[in-house]
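Each remark here refers to the structure printed beneath this line.
A, B, ... follow the sequence lines: proteins, then strands. Residue 1 opens every chain.
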Amino acid sequence: MIQVKLPDGSARALEEGASAADLAAQIGSGLAKAAVAAKVNGAVRDLALPLRDGDEVSILTKKDPEALEVLRHSAAHLMADAILRVFPQAELTIGPVVEDGFYYDIHMKDGKITPEDFPKIEDEMKRIAQEGLPFQRCVSDGKDEIFARYRAIDGGQNKFKAELIEGIAERGEELSFYKHGEFIDLCRGPHVPSTAFLKNVKLTKVAGAYWRGDATREQLVRVYGTAFFTKEELKDYLHALEEAKKRDHRVLGEKLELFTFSEDAPGFPFFQPKGATLFNLLAEYMRGLLRRRGYQEVKTPLILSESLWHRSGHYDNYLENMFFTKLKLRDDEDPEQINDNVVEDRPMAVKPMNCPGHLMIYKSRQHSHNEFPLRFAEMGLVHRRELSGVRHGLFRVQAFTQDDAHHFCTPEQIGDEVKMLIDFFEEVYAAFDLGDVRIELSTRPAKSIGSDEMWEKAESALKQALDEKGIPYQVNPGDGAFYGPKIDFHIRDVLKRSWQCGTIQLDFSMPERFGLTYVGADGERHTPVMIHRACYGSLERFLGIIIENYAGNFPAWLAPVQVMVIPVGEKFDAYAKRVAEELLDAGVRVETNLSDDRVGYKIRDASLKKVPYVVVVGEKEQSSGTINVRHRDDGSQRETTVPELLATVNFAPPKRSPPAVAAE
RNA sequence: GCUGGCGUAGCUCAAUUGGCAGAGCACCUGUUUUGUAAACAGGCGGUUAGGGGUUCGACUCCCCUCGCUAGCUCCA
C-alpha cells in the first residue's frame with residue numbers, strides 16, 4: 001500500500017502501482033468522470049501515471065486552468081493526426097499550447113494548407129474524437145518498435161523531429177511518445193485520457209512561421225486552433241472573437257471619423273476633428289493630474305544633433321528605430337541637378353525618446369537637493385522607425401505622443417517616487433474603466449549600458465518599492481530598457497485582452513553620461529537619479545485601447561460630441577440653437593442638426609455616431625422651456641431642462657485626485 | 001524585415017472563360033417640414049494602388065514597386 005496526500009491535507013491509502021485515475025475513482029465516481037489530469041507534487045501529469053508513496057496529488061477537472069492547457073495540447077495532437085490523413089505529405093514539427101488555443105507548425109513538402117481545408121480537417125478531427133481513442137504514453141530508447149512506428153508516421157524522413165529527438169538525447173531527457181489510435185507523436189505530455197474529450201475544437205487561422213523561429217530556416221505553415229471542454233465555452237469564445245472584431249479601433253476610427261491613414265504616410269495617423277478632440281481630452285485630463293502632483297511641463301525639440309544621441313547611448317542601442325535627417329541640395333553649377341544625401345557637417349536625428357531633451361533643460365542651470373524631487377513632464381512627440389510588418393492602426397505607429405516625464409531625485413527618494421507613481425497610474429486607468437492592472441518588473445537586457453553594481457542597485461530599489469507597496473508583480477528577466485530596469489503596467493480591457501501602458505524606468509546612467517549634478521546638503525556636487533515614466537505610454541495607443549474598451553461608446557466626459565440637438569421641424573430651429581448655445585456656454589461639446597431630414601433619421605444618425613445624449617425639441621418643449629433627452633445606451637427618453645441635464649450628467653473629466661502637491 | 005492573403009467611387013462590395021467598370025450607403029440639388037434608429041426623386045463621383053509586360057483586347061494573366069492585412073520577430 002502507498003499513501004498520498006490530497007490538497008485538503010488529508011491522506012489516502014492506495015494499492016501499490018495505483019494511478020491518479022484510481023485515486024479519483026476511490027474519492028468518488030463523479031470525480032472519476034470529471035477528471036482530466038492530475039497534479040502530482042506540483043507538476044501536471046497523466047491520470048494514468050502510477051503514483052508513489054508520499055506524493056501530493058490533486059485531481060484536475062475542467063475547472064482548472066491547467067486542465068484546459070492539457071486539453072488543448074491533446075487537441076494539437078488530434079489536429080496533427082487529422083492533417084496527416086488529409087495531407088499525407090505533411091511533416092509535423094512542433095505543436096504547443098498558446099494563450100487562446102494551440103497551433104501546430106507543419107512543413108509542407110508540396111502543396112499548402114489554407115482555411116478552405118479547415119472543414120475537411122475538422123471533420124477528420126470530429127471522427128477521431130468520436131472514436132474515443134485513449135491517449136497512451138510510451139517511453140522509447142530510440143531503437144524499439146514504438147520508435148520505428150513513430151518515425152514512419154509522416155513518411156520517415158522528418159528531419160525536424162529528428163532534430164528535436166537529438167536535442168532530447170543531448171540533454172539526457174526521457175524520450176516519450178503519445179499514441180492515440182494509429183497516430184504517434186513525440187511529446188512530453190501530459191494528455192487527456194482519451195480523444196472523447198476533444199469534441200469542441202475549432203481551427204481558427206493559418207500563418208507562416210519558421211522552423212525554430214529563425215528566418216533563415218525552413219518556412220512552415222502554422223495552423224491555429226482552439227479547444228474547450230464544452231460547446232458553450234467554444235461558442236462564447238467564438239462570439240468574443242466576433243465582438244473583438246466589431247470593436248476593432250481601426251474600423252471604429254473610420255466609422256466615427258476619429259482618424260485616418262494615408263499611403264503617403266505609412267504608420268503616421270491623421271487625427272480628424274473628433275479624434276483630435278479625444279486626443280486632447282486625454283492630454284488635458286493628464287495635465288490636470290500632473291499639476292496636482294507637482295510636475296512642471298516642458299517642451300523640447302523634435303530634432304537634435306546626432307552627437308547628442310551618441311552621448312545618450314541611443315545611437316548605439318536604438319539606431320535601427322531612429323529617423324535621421326538627410327539633406328538635398330541644388331548643384332551650384334546646374335540648379336536643375338539635385339544632389340541627394342548630402343553629407344551634413346552636423347548630422348541631425350529625430351528624437352525617438354524625450355529624455356535627452358529633458359536632460360538639456362536640467363543642465364540649463366544649477367540644481368539643489370532642496371528642489372528634489374524635480375519632475376519634468378512633456379506630451380512628447382517621438383518618431384520610431386518600425387518594420388513594415390508590425391504597424392497596426394494606432395497600436396503600433398511610427399510617430400506617437402508619450403505622456404512622458406522624468407523625475408530627478410536623490411537615491412533615497414526613489415522609493416517614495418515609485419510608490420506615488422503606482423497610485424497615480426492606477427487612478428488614471430480606473431478613470432477609463434481599466435481597473436484590471438498587472439505589474440511586471442523587467443531586469444537587465446543583453447544590450448545595455450552601465451555597471452553591474454549600478455544595475456543591481458537600480459533593480460533592488462524597484463523591487464523594494466514594490467514589496468513595500470505590497471502589490472503582486474511578475475519578474476521579466478532581461479526585458480528592461482538599455483539604460484535601466486523598469487516596472488511595466490499591463491492593463492486588461494473589457495474583453496480580457498492585455499495591453500502594456502505605463503512604465504517606470506530607473507536610470508543611473510544617463511545623468512552620469514550627461515554630467516548632471518545637484519548640490520547636496522553637504523554642499524558637495526552629486527549625480528542625481530533619473531526616473532523615466534509614462535502612464536498612458538503613448539496617447540495614440542491608449543486612445544486605440546479605450547476605443548476598443550468602450551466599443552466606441554465613450555462615457556459622456558470623453559465623447560467627442562456629447563449632445564446632439566435635433567429640432568422636430570424648421571419652426572423650432574431657433575429654439576434648438578438657443579438650447580445648444582446654453583449647453584455650449586456650460587462647456588458641453590454640442591452639435592445641432594438642422595438638416596431637413598426626418599427626426600427618425602437624425603436620431604439614427606446620432607446613434608450611429610454614438611453621441612451619448614440626443615436632445616429633441618419641438619412645440620411642447622419650446623412652449624414649456626424644456627428639452628427632451630434621449631440616452632444613447634438604452635434609448636430611454638425623459639423630459640427635463642438644460643440646467644437639470646448639466647447637473648445630472650458628468651460632462652467634465654472625473655476628479656478623484658489626492659490633495660494637491662505644491663510645485664516648487 | 002520574412003511568409004501568406006488582399007488592393008475596383010469617400011465607405012461596403014459586384015463585374016460569367018480575358019470582351020461596354022456597376023450597386024447600396026455617403027455627398028450635392030430639388031420636392032417635403034418632419035416627434036425618437038433610414039421620406040421621395042434626380043445628380044456628382046473611377047488613370048480598377050503605381051509602373052512595366054503578354055494580348056486584337058487586361059479589373060481579370062505575368063513581373064516589379066507601394067500600401068493594407070494575418071502571423072513570425074520586435075515594441076509604447
By side chain to side chain contact (heavy atoms under 4.5 Å, CB included) - contacts of A/Arg396 (at least two apart): A/Glu386, A/Val390, A/His392
A/Ser442: side chain to side chain contact (heavy atoms under 4.5 Å, CB included) partners, not counting sequence neighbours: A/Asn476, A/Asp479, A/Lys486, A/Asp488
Classify [X] by what it touches in the nucleic acid, base, sugar-phosphate, or nothing, heavy-atom distance under 4.0 Å.
X	value
A/Glu619	base
A/Val599	sugar-phosphate
A/Lys255	nothing
A/Ile566	nothing

Sequence neighbours excluded - salt bridge (Lys or Arg N to Asp or Glu O under 4.0 Å) pairs with any residue from residues 611-623 of chain A: none
Annotated protein contacts, base or backbone, on nucleotides 5-12 of chain B with a non-hydrogen cut-off under 4.0 Å, one of B, S, - each: S-B---S-
Contact state string [nucleotides 68-76 of chain B, B base, S sugar-phosphate only, - no protein heavy atom under 4.0 Å]: SSSBBBBBB
Quiz item: cation-pi between A/Arg72 and A/Phe102, 6.0 Å / 45°: no
Face-on cation placement of A/Arg293 at A/Phe424 ring, 6.0 Å and 45° thresholds: yes
Residue list, salt bridge (Lys or Arg N to Asp or Glu O under 4.0 Å) with [X], at least two apart or on another chain:
X	answer
A/Arg632	none
A/Glu440	A/Arg438
A/Asp248	A/Arg250

Close residues, residues 627-641 of chain A, relative to RNA chain B [heavy-atom separation under 4.0 Å]: A/Asn628, A/Arg630, A/Gln637
Residues touching RNA chain B, which here means a heavy atom under 4.0 Å, drawn from residues 349-357 of chain A: none
Polar side chain donor-acceptor pair, A/Gln398 to A/His383, under 3.5 angstrom: no
Spacing of the [atom1] atoms in [M] and [N] (rounded, Å):
N	M	atom1	answer
B/A41	B/G35	C1'	25 Å
B/C63	B/C27	P	42 Å
B/G45	B/G7	P	25 Å
B/U16	B/C59	P	12 Å
B/C44	B/C25	C1'	15 Å
B/C13	B/C72	P	25 Å

Residue mapping more 5' on RNA chain B - nearest nucleotide basis, A/Asp605 or A/Leu220: A/Leu220
Closest non-hydrogen atom pair, A/Ala244 against A/Arg497: CB-NH1, 4.0 Å
side-chain hydrogen bond (donor to acceptor under 3.5 Å, both in side chains) partners of A/Tyr429, counting only residues at least two apart: none
Check: B/G35 base within 3.5 Å donor-acceptor of A/Glu621 side chain: yes
Separation of B/G50 P from A/Asp264 CG (nearest whole Å): 13 Å
Dot-bracket summary - RNA chain B, pairs being Watson-Crick or G-U whose distances fall under 3.5 Å, with | when paired to another strand: (((((((..((((.....[..)))).(((((.......))))).....(((((..]....))))))))))))....
